[in-house]
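Only one structure is covered here, and it is reproduced in the block below.
Not measured: the values here are computed from a predicted model. Keep in mind that the numbers below use all heavy atoms, side chains included, and drop hydrogens, waters and symmetry copies. Whatever order the structure lists them in is the order used to number ligands and atoms, beginning at 1.
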Amino acid sequence: MNEEKIQSLKVPAHIAIIMDGNGRWAKKRGMPRTFGHSQGAKVVEQILEDADHIGVKYLTVYAFSTENWSRPQTEVKALMNLLRRYMKTSLAKCAKNNVRVRVIGDKSMLDQDLQDSIADLERDTAANTGIGFQIAINYGGRDEIVRAVRRAAEKGLLNDPGRIDESLLNDCLDTAGIPDPDLLIRTCGEQRISNFLLWQLAYSEMYFTDKSWPEFDREELLKAIDAFNHRERRYGGLIH
Ligand code: FPP
């Protein structure tokens, strides 16, 4: 896409991505599925940088779902190790690029050392003012809503049913304080939400591409943003 066209695009403030197809991409090349995940992790880092340069304010990626534990243990371990490595090595890069990291999902199920690294990275990037980068780990949309209700109950916020509203629940979600995604991208052909950000995607535009995640790049991101520019968002209202 040429520079003039890029400059003319309205950039979504928040993009969420379901990064699908790592396994299939690797298998097609006669490589183990875990190779696809390592390649996918590199793409995550590049797309974060590209999204930031294009002007995206928040990027949320689905790295590990509550259902992914049922994969072969070797694959689960490889994914956890990739995430471990990311938490440990990305701080310098985040500092340089002013990235603020937040992990969403039920962290209590993760190994203690991974929980500690996540806490360190979240704390050490909390004051950064650039792009907000949310990584969903052991994340399920329904699970997040259940945990939000539990959190609200623990805070005594559910005692008066008349005061329970959307903003109360919003503030108890893992994504509290982050605007809802404007655009959801899913790679590798599947066209479903798969329990990702169920609450937050209520009015998001959906973009599906056949490209697998390891093949996704800046040009593909720009194509998704261009498609977003051709949508008309009405939020249930009428065209003016
Ligand atoms: C889906 O592809 C992808 C995943 C379940 C894992 C995504 C994780 C990464 C890209 C690494 C995350 C790293 C960081 C730094 C956040 P799949 O394995 O289901 O592929 P398939 O549908 O072809 O089997």
Side-chain angles (χ1 to χ4, degrees), residues 15-52 56 58-94 97 99-107 109-111 113-115 117-122 125 131-141 143 174-175 181 184-197 208-217 220-221:
I15 297 181
I17 308 183
I18 300 178
M19 312 178 287
D20 203 5
N22 293 340
R24 274 167 283 176
W25 177 86
K27 282 280 154 210
K28 233 192 229 166
R29 284 156 183 79
M31 300 296 279
R33 293 175 52 81
T34 49
F35 178 70
H37 295 316
S38 327
Q39 205 55 35
K42 288 183 194 159
V43 172
V44 171
E45 297 216 30
Q46 187 56 52
I47 288 296
L48 173 62
E49 232 177 281
D50 293 335
D52 189 17
V56 175
Y58 298 90
L59 180 73
T60 302
V61 297
Y62 206 0
F64 195 91
S65 77
T66 46
E67 289 74 34
N68 284 154
W69 297 107
S70 65
R71 293 190 174 200
Q73 275 317 294
T74 47
E75 185 168 342
V76 170
K77 212 164 167 195
L79 278 167
M80 287 299 150
N81 282 337
L82 266 180
L83 293 166
R84 234 179 218 106
R85 206 168 319 138
Y86 179 82
M87 300 303 155
K88 288 237 183 285
T89 58
S90 61
L91 183 58
K93 233 181 186 176
C94 289
N97 296 334
V99 176
R100 198 168 56 260
V101 178
R102 186 190 299 187
V103 169
I104 61 170
D106 183 358
K107 292 177 262 195
M109 296 273 291
L110 306 175
D111 286 349
D113 71 297
L114 181 53
Q115 287 189 45
S117 311
I118 290 171
D120 289 348
L121 187 58
E122 286 181 334
T125 63
I131 189 168
F133 181 42
Q134 291 68 238
I135 310 171
I137 305 177
N138 190 29
Y139 177 89
D143 180 66
D174 297 345
T175 52
L184 171 76
I185 298 173
R186 181 169 186 151
T187 58
C188 213
E190 245 68 72
Q191 302 197 353
R192 51 177 173 263
I193 293 177
S194 300
N195 205 11
F196 192 40
L197 301 174
F208 301 102
T209 168
D210 286 335
K211 290 264 174 190
S212 62
W213 179 248
E215 295 167 326
F216 198 83
D217 58 12
E220 292 300 319
L221 179 65

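- One option in Val43, Leu82, Ile137, Ile135 has a heavy atom closer to atom 16 (C) of ligand 1 than any other, and that option is Ile135.
- You'll find the side chain of Asp106 stays beyond 4.5 Å of the side chain of Thr66, heavy atoms only.
- Every atom of ligand 1 is numbered from 1 in the order shown, and the set under 4.0 Å from a heavy atom of Gly40 is 10 (C).
- Of all protein heavy atoms, the one lying nearest to atom 1 (C) of ligand 1 is Met19 O, 3.1 Å.
- Looking from atom 24 (O) of ligand 1 to the surrounding protein, the closest heavy atom is Arg33 NH1, 2.9 Å.
- The structure places OH of Tyr86 at 13.0 Å from CG of Leu114, a figure rounded to the nearest 0.5 Å.
- The closest side-chain heavy-atom distance from Phe64 to Leu82 is not below 4.5 Å.
- Of the options Arg85, Met87, His37, the smallest heavy-atom separation from atom 4 (C) of ligand 1 is shown by His37.
- Contact of the Leu197 side chain with the Ile104 side chain is registered, since non-hydrogen atoms from C-beta on lie closer than 4.5 Å.
- For ligand 1, the atoms lying closer than 4.0 Å to a non-hydrogen atom of Asn68 are 5 (C).
- With hydrogens left out, the protein atom closest to atom 10 (C) of ligand 1 is Asn22 ND2, 3.4 Å, a heavy atom.
- Looking only at protein heavy atoms, the nearest one to atom 13 (C) of ligand 1 is Ala41 CB, 3.9 Å.
- The closest heavy-atom contact to atom 20 (O) of ligand 1, among the options Ala78, Gly23, Cys188, comes from Gly23.
- Taking CD from Glu215 and CG from Asn22, the interatomic distance works out to 10.5 Å, rounded to the nearest 0.5 Å.
- Considering only non-hydrogen protein atoms, atom 14 (C) of ligand 1 sits nearest to Leu83 CD2, 4.0 Å.
- At least one donor-acceptor pair closer than 3.5 Å links the side chain of Thr125 to the backbone N or O of Val101.
- The side-chain heavy atoms of Val61 and Leu48, taken from C-beta on, include no pair separated by under 4.5 Å.
- For atom 12 (C) of ligand 1, the closest non-hydrogen atom on the protein side is Ala63 CB, 4.0 Å.
- The structure places OG1 of Thr60 at 10.0 Å from CG of Leu184, a figure rounded to the nearest 0.5 Å.
- Exactly one residue among Phe35, Trp213, Phe216 makes a ring pair (Phe, Tyr, Trp, His ring centres under 6.0 Å) with Trp25. That residue is Phe35.
- Atoms of ligand 1 found under 4.0 Å from any heavy atom of Tyr86 (numbered from 1 in listed order, with element): 15 (C).
- The contact set between ligand 1 and Arg24, taken as ligand atoms under 4.0 Å from a residue heavy atom, comprises 21 (P), 22 (O), 23 (O).
- Under the 4.0 angstrom criterion for non-hydrogen atoms, Arg71 is in contact with ligand 1.
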